[in-house]
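Here it is, the structure in full.
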Number of protein chains: 2
Amino acid sequence: MDHIDPIDTRILRVLQSDARISNQALAGRVGLSPSATLRRVQALERSGAIQGYRAVLSPAARGTGFTAYVAVGLNDHTKAGQEGFERGVAGAPQVRECHNITGTVEYLLRVEAADLAAYKHFHTEVLGVLPQVRSLQTYVVMGSPKDDRA
Amino acid sequence: MDHIDPIDTRILRVLQSDARISNQALAGRVGLSPSATLRRVQALERSGAIQGYRAVLSPAARGTGFTAYVAVGLNDHTKAGQEGFERGVAGAPQVRECHNITGTVEYLLRVEAADLAAYKHFHTEVLGVLPQVRSLQTYVVMGSPKDDRA
DNA sequence: GGTGAAACGTAGGCCGT
DNA sequence: ACGGCCTACGTTTCACC
């Protein structure tokens, strides 16, 4: 990853909020010619500073009417146990994020489902069935006053 | 928001994983002509199904070397107390997400900082200073085996 | 880093279904 | 209403300075 100067920082900030801006408009915003801007963007992509470009979809477009964070405790803390659990959630489309955290439990999941009934089904039939899982604590999201993903 | 048919669903899936694909290439992928595809994308933007397009930056490009979830309990559950807290975190760039959750505490934050020292400073000098805050519990993220944002 | 020009993509009018 | 065709216009991209 090459060094990131102030102009790169401005490019990243603009692309973070509008990934589909034209290269010409981006060039105008950062004060460079289009070709120099394009070369910088390509370098940032190659270096991995820009990992990709994504459309942000509304919850309705994703089919999500219910979101929860779930704290998951495991039976054993072995590598095999963790890997088994991670494989289990990797295949579940409802699990949007799986974080390995410090504290009294091992994992924090973000789960999205169509509605409460769909979540209940996922909770008991998918998560509850994984042999590594010892405890599940659900925190229903009532709102997100701040969310950088949106 | 108009109704979303199978072709719209395919368009959304493609744009979700590559927001900068050209309209022509997108048309090829969904099996429509470029003009019909463009009209659908514009309709999806207007209807709010597509909320925007964002570049995904690496943690290094964001200056993040330390991530934690923080469970925050408030002193009072009044509307004014919640709004005061939400205003407090809205201005903190380290707080990337703030979710209002059910359970024993009121909020779950995702916090990103340069390193542990920067986090400690944020924890005691920013969060700890908000008058509405009663309790703070930090869960350090050691890894994210699954993260749809990446 | 900037310039210029060829290649490429966009976007909207128009017509058929 | 919705898709395909056409085309003027704008943008990207690259060799060269």
Side-chain angles (χ1 to χ4, degrees), chain A residues 1-65 93 114-115 148-150, chain B residues 1-64 93 114 148-150:
Chain A
M1 193 174 309
D2 268 281
H3 261 187
I4 287 179
D5 70 11
I7 292 181
D8 287 331
T9 305
R10 294 179 68 185
I11 289 174
L12 293 173
R13 240 204 313 271
V14 172
L15 289 177
Q16 204 171 16
S17 67
D18 179 10
R20 291 199 109 188
I21 189 173
S22 78
N23 185 59
Q24 265 191 178
L26 176 61
R29 293 252 249 131
V30 303
L32 244 48
S33 70
S35 63
T37 306
L38 180 63
R39 281 192 295 258
R40 278 169 178 267
V41 170
Q42 289 170 336
L44 289 165
E45 289 167 350
R46 264 185 267 107
S47 75
I50 295 173
Q51 300 192 324
Y53 303 96
R54 299 206 348 227
V56 179
L57 307 187
S58 70
R62 294 198 304 269
T64 296
D115 53 27
D148 267 15
R149 289 173 299 197
Chain B
M1 194 173 312
D2 268 280
H3 258 192
I4 287 179
D5 70 10
I7 293 181
D8 287 331
T9 305
R10 295 180 67 187
I11 289 174
L12 293 173
R13 241 204 312 272
V14 172
L15 289 177
Q16 206 171 15
S17 68
D18 179 10
R20 292 199 106 184
I21 189 173
S22 79
N23 184 60
Q24 273 192 0
L26 176 60
R29 293 253 249 130
V30 303
L32 244 47
S33 70
S35 61
T37 306
L38 181 63
R39 282 192 292 257
R40 278 170 178 266
V41 171
Q42 289 171 336
L44 289 165
E45 289 168 349
R46 264 185 267 108
S47 76
I50 296 173
Q51 301 193 322
Y53 302 96
R54 295 201 357 226
V56 178
L57 307 188
S58 71
R62 294 198 303 269
T64 297
D148 267 15
R149 289 172 300 196

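Residue numbers start from 1 in every chain, and the chains themselves are labelled A, B, ... in the order their sequence lines are given, proteins ahead of strands.
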Exercise for the section: Indicate the atoms forming the closest heavy-atom contact of A/Ile11 with A/Val30, along with that distance. Expected result: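 In terms of heavy atoms, the two residues are closest at CG1-CG1, 3.8 Å.
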Problem - Protein-nucleotide distance (B/Ile11, atom CD1; D/dG3, atom C1'), rounded to Å - result: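 Going from B/Ile11 (CD1) to D/dG3 (C1'), I get 12 Å.
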Exercise for the section: Report the residues that fulfil side chain to side chain contact (heavy atoms under 4.5 Å, CB included) with B/Arg54, sequence neighbours left out, ordered by chain and then residue number. Expected result: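 Per chain and number, B/Arg54 pairs via side chain to side chain contact (heavy atoms under 4.5 Å, CB included) with A/Val56, A/Arg149.
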Handout entry: A/Asp115 side chain to A/Gly65 backbone, donor-acceptor under 3.5 Å
Key =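 Side chain of A/Asp115 to backbone of A/Gly65, a donor-acceptor pair under 3.5 Å: no, none is there.
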Practice task
May I ask you to test the A/Ser47-A/His3 pair for a side-chain heavy-atom distance under 4.5 Å?
Solution key: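 A side-chain contact under 4.5 Å is absent here.
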Handout entry: the helix from C/dG1-D/dC17 to C/dT17-D/dA1: angle between end helix axes, five pairs per end, rounded to 10 degrees
Key =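 Answer rounded to 10°: the end axes differ by 30°.
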Problem - Length of the line joining B/Gln24:CD and D/dC5:P, which is rounded to integer Å - result: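 In whole Å, D/dC5 P and B/Gln24 CD are 13 Å from each other.
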Handout entry: Among A/Val14, A/Asp18, A/Leu32, the one residue meeting side-chain contact (heavy atoms from CB on, under 4.5 Å) with A/Leu26
Key =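 That would be A/Val14.
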Practice task
Return yes if some donor-acceptor pair links the side-chain N/O of B/Arg20 with the main-chain N/O of A/Gly52 below 3.5 Å, else return no.
Solution key: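 No.
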Practice task
Let me have a per-nucleotide readout for nucleotides 11-17 of chain C, 5' to 3', with B, S or -, counting only protein heavy atoms under 4.0 Å.
Solution key: BBB----
Practice task
Name the closest nucleotide to the B/Ala36 side chain, picking from C/dT3, D/dG3, C/dG9.
Solution key: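 Nearest to the side-chain atoms of B/Ala36, counting from C-beta on, is D/dG3.
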Practice task
Mind calculating the distance between CG (B/Leu32) and P (D/dA1) to the nearest angstrom?
Solution key: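 So the two atoms are 18 Å apart, to the nearest Å.
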Problem - Side chain proximity check, B/Ile4 to B/Leu12, heavy atoms < 4.5 angstrom - result: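 SC-SC contact between B/Ile4 and B/Leu12 confirmed.
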Practice task
For B/Arg40 and C/dT10, give me the distance from atom CZ to atom P, rounded to whole Å.
Solution key: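 In whole Å, C/dT10 P and B/Arg40 CZ are 17 Å from each other.
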Practice task
Mark yes or no for whether B/Thr9, through its side chain, and B/Asp5, through its backbone, hold a donor-acceptor pair below 3.5 Å.
Solution key: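 Answer holds: yes.
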Handout entry: Residues, nucleotides or ligands: over 12 heavy atoms within 6.0 Å of A/Arg29 CZ
Key =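 Not buried by this count: 12 neighbours or fewer within 6.0 Å.
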Exercise for the section: Write down the distance between CZ (B/Arg20) and P (C/dG9), rounded to a whole number of angstrom. Expected result: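 These atoms are roughly 14 Å apart.
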Problem - Whole-Å gap separating P (D/dT12) and CG (A/Leu26) - result: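 The distance from CG of A/Leu26 to P of D/dT12 comes to 9 Å, rounded to the nearest Å.
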Exercise for the section: Just call it for A/Ser22: base, sugar-phosphate, or nothing, with non-hydrogen atoms closer than 4.0 Å on any strand. Expected result: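 It contacts sugar-phosphate atoms only.
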Practice task
Return the value, rounded to whole Å, for the distance between atom CD1 of B/Ile7 and atom P of D/dG3.
Solution key: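 B/Ile7 atom CD1 is separated from D/dG3 atom P by 6 Å.
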